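Quick notes on the structure that follows.
No experiment lies behind these values; they were computed from the predicted model shown. First the proteins, then the strands, lettered A, B, ... as listed; each starts at 1. Side-chain atoms are counted along with the backbone in the values below, which use heavy atoms only and exclude waters and symmetry mates.
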Amino acid sequence: MPELPEVQHAADSLGIQIAGARIATVERLDWPRMVETPAPEEFIVRLAGREIRGWGRRAKWILLELDGGWTLALHLRMSGSLTVHPADTEPDRHTHLVLRLTDGRQIFFHDTRKFGRARLLDAAGLAMLNDAHGDEPLSEAFTVERLAGLLRGRQRAIKPLLLDQSLIAGIGNIYADEALWCARIHPLHPAAELSTEAIADLHAGIRAVLRQALANGGSTLRDYRNSYGARGTNQDHFHAYDREGQPCPRCGTMIVKTVVAQRGTHYCPACQRR
DNA sequence: CATTACCTGCAA
DNA sequence: TTGCAGGTAATG
């Protein structure tokens with residue numbers, strides 16, 4: 001579900017509520033597969049008593065910086081959400097991890113589809129997570145030249161390349177389609193064959209769609225909520241994604257939906273031709 | 001590169 | 001009942 005803008009909002013809305021708080025206990029881990037490292041029993045023991053010192057985001061991971069050099073990394077995958085609740089709120093059946101704070105409040109990791117994941121990482125583990133991911137597309141370092149370098153020599157289609165987290169981190173199916181619409185690029189265009197001008201438009205498009213989504217609190221198709229339980233509104237501003245059969249806002253041609261890289265893919269067949 | 005798997009719920 | 005969903009990893 002969540003891509004960079006949604007994960008950023010999830011992290012910020014959570015972090016602002018809980019920074020400085022301390023985890024008392026880990027409760028209700030009824031789907032232990034969600035804990036990737038360390039073993040669930042050790043995860044529970046090590047988290048107890050940790051202070052939450054800060055927060056951040058890397059790719060689609062939410063990072064809670066803890067004392068003792070530990071980082072709690074949380075990935076929402078398709079349907080996860082993190083919300084903060086008073087002491088007496090009962091979790092529902094899709095809440096698979098609860099962090100009880102020493103002030104009584106609870107953080108719920110709610111995840112209908114159970115794809116979400118948690119890792120408790122030391123400095124080396126955090127470095128590995130970092131190294132596994134590519135450029136942050138909103139960073140200063142992500143220049144047009146950087147993007148051109150990433151595309152150079154790669155014959156694969158541009159859309160699956162945009163989804164490859166090891167190259168560019170944080171873009172998912174929505175914002176890949178939206179960025180390609182912005183840049184008037186066909187999702188199957190070979191990455192290495194994009195013109196200099198098209199690459200510049202793609203760079204601008206990626207940043208514009210992510211910034212707009214951030215400004216709108218992310219996109220909520222179904223499950224996404226920030227940590228206050230609020231939906232985003234960016235789904236009301238899509239140009240191509242989820243708009244099959246509706247007119248392209250630029251040229252009026254019907255948006256079509258196909259499958260590219262095993263993902264539903266929406267584009268304008270008239271003005272996305274390069 | 002394509003296919004399958006992981007899960008549940010919802011719309012067609 | 002089937003197919004599909006914002007993600008990723010593990011297979012041929």
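Cluster note: A:Leu188 groups with A:Val260 through ILVMFWY side-chain heavy atoms spaced under 4.5 Å, whether in direct contact or through intervening members. Other members of the cluster containing A:Met128 do not exist, because no ILVMFWY side chain is joined to it at under 4.5 Å. Counting side-chain heavy-atom gaps under 4.5 Å among Ile, Leu, Val, Met, Phe, Trp and Tyr, the cluster of A:Leu129 also holds A:Trp61, A:Leu63, A:Leu121, A:Leu126.
A distance of about 23 Å separates the C1' atoms of C:dA5 and B:dC1, rounded to the whole Å. Going from the P atom of C:dG6 to that of B:dA11 covers 16 Å, rounded to whole Å. The P atoms of B:dC7 and C:dT11 are separated by 15 Å, rounded to the nearest whole Å.
Atoms CG (A:Asp111) and C1' (C:dG7) sit 11 Å apart, rounded to a whole Å. Taking atom NZ on A:Lys159 and atom C1' on C:dG6, their separation rounds to 11 Å, with Å as the unit. Residue A:Leu188 contributes atom CG, which lies 13 Å from atom C1' of B:dC1 at whole-angstrom precision. In this structure, the CD atom of A:Glu178 is 13 Å from the P atom of C:dG6, given to the nearest Å. Going from atom CG of A:Asn234 over to atom P of C:dG6 covers 15 Å, rounded to whole Å. Between A:Trp61 atom CH2 and C:dG6 atom C1' the separation is 16 Å, expressed in whole Å. The distance between atom CG of A:Asp242 and atom C1' of C:dC4, rounded to the nearest whole Å, is 12 Å. Per the geometry, CG belonging to A:Leu221 stands 16 Å off P belonging to C:dC4, to the nearest Å.
The phosphate of C:dG7 has neither OP1 nor OP2 within less than 4.0 Å of any side-chain N or O from A:Gln165. An OP1 or OP2 oxygen of C:dT8 is reached within less than 4.0 angstrom by a side-chain nitrogen or oxygen of A:Lys60.
Sequence neighbours left out, the pairs with a member in residues 254-274 of chain A that pass ring-ring contact (aromatic ring centres under 6.0 Å, His included) are A:His186-A:Tyr267, A:Tyr241-A:His266. Each salt bridge (charged side-chain N to carboxylate O under 4.0 Å, His left out) pair with one or both residues in residues 158-173 of chain A, not counting sequence neighbours, appears once here: A:Arg156-A:Asp164, A:Lys159-A:Asp177.
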Acceptor/donor pairs from residues 192-199 of chain A side chains to any protein atom, 3.5 angstrom cut, sequence neighbours excluded:
from: A:Glu193; atom 1: OE2; to: A:Gln155; atom 2: NE2; distance (Å): 3.1
from: A:Ser195; atom 1: OG; to: A:Ala198; atom 2: N; distance (Å): 3.0

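When base pairs are accepted only as Watson-Crick or G-U wobble with both N-N or N-O distances under 3.5 Å, DNA chain C takes part in stems of 3 or more pairs at B:1-6 with C:7-12, B:8-12 with C:1-5.
Note on A:Tyr241: only backbone sugar-phosphate atoms sit closer than 4.0 angstrom, heavy atoms only; bases stay farther off.
Remark: A:Arg211 pairs with no residue by the side chain to side chain donor-acceptor pair (under 3.5 Å) rule, at least two apart or across chains.
Note that CG of A:Asn216 is 8.5 Å distant from CG of A:Asp236, once rounded to the nearest 0.5 Å.
Here the two rings, on A:Phe142 and A:His203, have centers that are under 6.0 Å apart.
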Where protein sits on nucleotides 3-12 of chain B, one letter per nucleotide: B base, S sugar-phosphate only, - none, heavy atoms under 4.0 Å: B--BBBSS--
